[in-house]
Amino acid sequence: SSVRSQPGSGARALEILAQARCKNVALLRGNPMTQSTQRRVEAFARASIATYGYPIREIIADTLSEEAGYRAMKAFLAKGANCDGIYCVSDALCMGAYLVIREEGLRIPKDIAVVGVGDYDYADYFSPPLSTVGARHELLAKKAAQMLLQHLFAPGSGAEEVLVPTREVLRSSTGS
């Protein structure tokens with residue numbers, strides 16, 4: 001049995017950045033990746049090649065934390081790399097990236113448009129508010145808990161796969 005998000009959020013994130021007129025995109029992800037994160041990264045990479053004709057540049061953080069996102073984004077910009085759009089595979093990584101972007105005197109979305117994943121309750125409180133695409137983490141957790149309880153109280157009820165729908169919330173971080 002499994003609970004997972006519907007496929008396609010990585011490709012949709014690339015579309016959102018392309019609609020925001022980004023031409024030089026990057027992806028910020030943690031290491032190691034979960035299966036869900038791997039699918040997002042692969043979909044974003046395929047969409048980048050189809051849209052721009054070149055592969056994405058990955059910024060790899062050592063975890064999915066805010067601090068790891070900060071360190072990875074800081075290192076990326078410190079070596080002279082740049083981008084005008086970034087897809088962060090978690091809202092926590094976005095939070096760290098946001099801080100670096102502001103510290104470097106860059107503006108969101110004018111200099112760098114940002115898309116996150118998960119639409120945590122605090123996404124509205126980013127400055128500017130964060131655009132997100134992907135399944136809500138609360139819904140994934142709720143469905144997984146329900147499935148676990150069903151298997152505990154009804155053993156042998158069989159394996160099932162639950163797909164949680166992708167949700168898109170466009171906010172100011174992409175110029176929306």
Got Leu64 and Val89 here, is their nearest side-chain heavy-atom distance under 4.5 Å?
yes
Count the heavy atoms of every other residue, nucleotide or ligand shown that sit under 6.0 Å from CZ of Arg102, and state whether that count exceeds 12.
yes
According to side chain to side chain donor-acceptor pair (under 3.5 Å), who are the partners of Lys142, at least two apart in sequence or on a separate chain?
none
Do Asp91 side-chain atoms and Val117 backbone N/O form a donor-acceptor pair below 3.5 Å?
yes
Determine the minimum heavy-atom distance between Ala20 and Ala113, stating which atoms define it.
CB-CB, 4.4 Å
Flag, side chain of Asp84 to backbone of Asn24, donor-acceptor distance under 3.5 Å:
yes
Report yes if the side chains of Leu27 and Arg57 come closer than 4.5 Å at any heavy-atom pair, otherwise no.
no
State, to 0.1 Å, how close Leu28 and Ala72 come at their nearest heavy-atom pair, and which atoms those are.
CD1-CB, 3.9 Å
Which residues pass the salt bridge (Lys or Arg N to Asp or Glu O under 4.0 Å) test with Arg71, sequence neighbours left out?
Asp62, Glu67
Evaluate the side-chain proximity of Thr51 to Val25: yes if any heavy-atom separation is below 4.5 Å, no if none is.
no
Any chance the side chains of Gln150 and Gln146 put a donor and an acceptor closer than 3.5 Å?
no
Can you list every pair that meets ring-ring contact (aromatic ring centres under 6.0 Å, His included) and has a residue in residues 47-88, with sequence neighbours left out?
Phe44-Tyr87, Tyr52-Tyr54
Min side-chain heavy-atom separation Ile59-Ile86 under 4.5 Å:
yes
For the residue pair Val115 and Cys94, what are the closest heavy atoms and their distance?
O-SG, 3.9 Å
Run the salt-bridge test on Glu15 and Arg12 with the 4.0 Å N-O cut-off and return the result as yes or no.
yes
Which atom pairs, one a donor and one an acceptor, fall under 3.5 Å between side chains of residues 122-129 and the rest of the protein, sequence neighbours left out?
{"unit_1": "Asp124", "atom_1": "OD1", "unit_2": "Arg171", "atom_2": "NE", "d": "2.7"}

Checking one residue: Phe153. Which other hydrophobic residues are in its cluster under the side-chain 4.5 Å linking rule?
Leu148, Leu149, Leu152
Mind checking salt bridge (Lys or Arg N to Asp or Glu O under 4.0 Å) for Glu104 and listing every partner two or more places apart, or none if nothing turns up?
Lys74
